[in-house]
Amino acid sequence: MRQHDTLFIGGDWVAPAGTGTIDVVSPHTEEIIGRVPDGTPADMDRAVAAARQAFDHGPWPRMTMAERAAVVGRLAEIYATRQGEMAEIITEEMGSPITFSQMAQAPQPLGMLQYYAQLGATFPVEEERPGTFGTVTVRREPVGVVAAVVPWNVPQFVIMIKLAPALVAGCTIVVKPAPETPLDSYLLAEMIKEAGIPDGVVNIVAAGREAGEHLVSHPGVDKVAFTGSTAAGRRIASICGEQLKRCTLELGGKSAAIILDDCDLPSAMGFLSIATLMNNGQACVAQTRILASRDRYDEVVDAVASMVRGMQVGDPSDPATGIGPLVARRQQERVEGYIRIGIDEGAKPVVGGLDRPHDRGWYVAPTVFAGATNEMRIAREEIFGPVLTVIPYEDEADAVRIANDSDYGLAGTVWTADTQHGLDIARQVRAGTYGVNLYMIENSSPFGGFKSSGLGRELGPEGLAAYLEYKSIAHM
């Protein structure tokens with residue numbers, strides 16, 4: 001039982017304003033494994049005030065970027081010593097298979113800290129340009145106080161994709177973890193304190209929707225960085241638009257994996273299993289639409305079905321597990337609801353279906369639908385679970401058309417023996433990130449989506465620029 005009675009505000013552990021608590025429930029055992037305070041609007045007021053004080057009067061924004069990058073580098077060194085513990089906590093609280101937690105849930109946040117520490121050491125804060133009557137100094141300054149609202153599926157990844165560049169930029173920040181997964185943020189707070197980041201620069205308050213909306217709407221917040229559903233993103237965008245508040249939104253996805261006829265299916269399946277079913281299918285970038293030509297359709301269906309059958313479903317702490325439980329009962333019911341919809345629409349589950357693989361825990365049978373079309377709801381709406389839909393195409397132009405026939409545009413892949421031809425296909429698909437014969441999110445490259453998948457970009461130099469304002473100073 002991981003019990004926490006305080007919130008991390010102003011560089012210290014403080015008592016919450018209210019008496020409510022959040023029970024953290026294991027998706028595997030359905031037992032309570034942790035308890036933390038449920039943050040209130042009053043707690044958010046206090047956190048924003050601490051961040052505001054640190055930004056307006058504290059040393060952090062007034063340090064050089066290289067100095068801040070060095071502190072972030074210290075945080076990275078501390079994080080490296082505790083990433084094994086971080087991986088275990090995330091597996092416990094949200095059911096991510098331990099192998100995925102050890103491969104991605106903890107190492108990728110560490111990699112972001114290391115990347116931005118290195119980038120910040122040499123990033124140009126000022127540059128001079130020739131002007132009409134003299135010289136213009138173009139200066140980059142921190143945007144101010146940031147509200148970071150993060151989801152439960154990859155909690156440290158999403159915190160760090162915001163926190164690392166915001167810190168290097170000189171911003172201060174209030175992080176609101178999801179109520180399903182607050183435990184990892186307490187470990188992060190311990191590391192932040194140990195790294196010597198000044199008081200008030202980072203504040204962490206786990207809370208539900210009401211306190212989260214209060215934070216987003218707070219007049220003391222200069223920028224909102226949000227990852228989550230498209231519906232919630234629209235609400236946040238409307239608040240930010242009304243207040244002329246900067247925002248970065250990374251939202252939903254319904255990505256397509258295009259299997260070309262020259263693809264070597266046996267060799268592709270190992271990488272495709274990660275691209276499609278990472279984190280129990282609870283990933284916005286998951287390639288849940290698999291597009292296969294009619295000539296090889298049955299062969300692709302069989303290969304994907306065999307891939308899914310070969311993945312062990314069970315205890316996420318077992319290294320042999322490939323698919324663990326979903327994060328909550330409501331998520332289990334949501335995904336099973338989509339499986340029913342797919343059956344009602346006329347698609348055929350060749351693997352999985354509605355029979356639960358375990359009596360205890362929020363498990364859903366990994367499911368592969370054949371006989372589907374891109375017009376079906378299972379092909380158009382984000383399910384956020386281990387459900388794949390194999391859709392036929394007539395030719396490559398039709399495959400690109402189907403891939404682009406979506407409200408979303410976050411990610412995608414193409415699988416082919418000809419990498420250069422794969423790059424040609426990639427250039428035609430309207431998605432913010434793409435892979436040829438694999439899918440990866442690179443720290444050095446911008447991540448974000450087209451269309452309803454969001455606004456702005458994270459990661460890379462572009463991710464740092466998102467936390468900077470540009471100032472032009474003309475002089476003779």
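Computed over heavy atoms, backbone and side chain alike; hydrogens, waters and symmetry mates excluded.
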Q: Please check if atom CZ in Arg430 has more than 12 non-hydrogen atoms from other residues, nucleotides or ligands closer than 6.0 Å.
A: no
(Q) Please tell me whether Tyr439 and Gln287 have a donor and an acceptor in their side chains that are separated by less than 3.5 angstrom. (A) no
Q | Flag for Lys162-Thr227: side-chain donor and acceptor within less than 3.5 Å | A | yes
Q. Should we count CD of Glu210 as having more than 12 external heavy atoms under 6.0 Å?
A. no
Q) For atom CD of Glu345, is the number of surrounding heavy atoms from other residues, nucleotides or ligands below 6.0 Å larger than 12? A) yes
Q) For Thr172 and Val201, what are the C-alpha separation, side-chain angles and deciding distance, and is it a side-chain contact (heavy atoms from CB on, under 4.5 Å)? A) CA-CA 4 Å; Thr172 61; Val201 172; 4.3 Å; yes
Q) Less than 4.5 Å apart, any side-chain heavy atom of Asn280 and any of Ile323? A) yes
Q.
Using only atom types and a distance under 3.5 Å, with no angle test, would you say the side chain of Lys245 pairs donor to acceptor with the backbone of Ile239?
A. no
Q | SB check Arg2 Glu92 (cutoff 4.0 Å) | A | yes
**Q.** Member of Lys223, Arg140, Arg246 meeting the salt bridge (Lys or Arg N to Asp or Glu O under 4.0 Å) criterion with Glu469
**A.** Arg246
Q: Could you tell me whether Arg52 and Asp45 have a side-chain N and a carboxylate O separated by less than 4.0 Å?
A: no
Q) Crowded around Phe450 CZ? As in, over 12 foreign heavy atoms under 6.0 Å? A) yes
Q.
Distance alone, cut at 3.5 Å: any donor-acceptor contact between the side chains of Ser96 and Asn279?
A. yes
Q. Run the side-chain contact (heavy atoms from CB on, under 4.5 Å) check on Asp199 and Asp12 step by step: do they pass?
A. CA-CA 8 Å; Asp199 294 350; Asp12 203 357; over 6 Å; no
**Q.** Evaluation steps, side-chain contact (heavy atoms from CB on, under 4.5 Å), between Asn153 and Val327
**A.** CA-CA 8 Å; Asn153 61 323; Val327 72; over 6 Å; no
Q. Should the ring pair Trp13 and Phe8 be called parallel, tilted or perpendicular, given that the plane angle runs from 0 to 90° and is split at 30 and 60?
A. tilted
Q. When you look at CD of Gln3, are more than 12 heavy atoms from neighbouring residues, nucleotides or ligands closer to it than 6.0 Å?
A. yes
**Q.** From CA spacing to verdict: side-chain contact (heavy atoms from CB on, under 4.5 Å), Lys451, Asp407
**A.** CA-CA 6 Å; Lys451 299 184 280 187; Asp407 292 335; over 6 Å; no
Q | Chi angles and distances behind the side chain to side chain donor-acceptor pair (under 3.5 Å) call for Ser452, Thr230 | A | CA-CA 7 Å; Ser452 292; Thr230 297; 5.7 Å; no
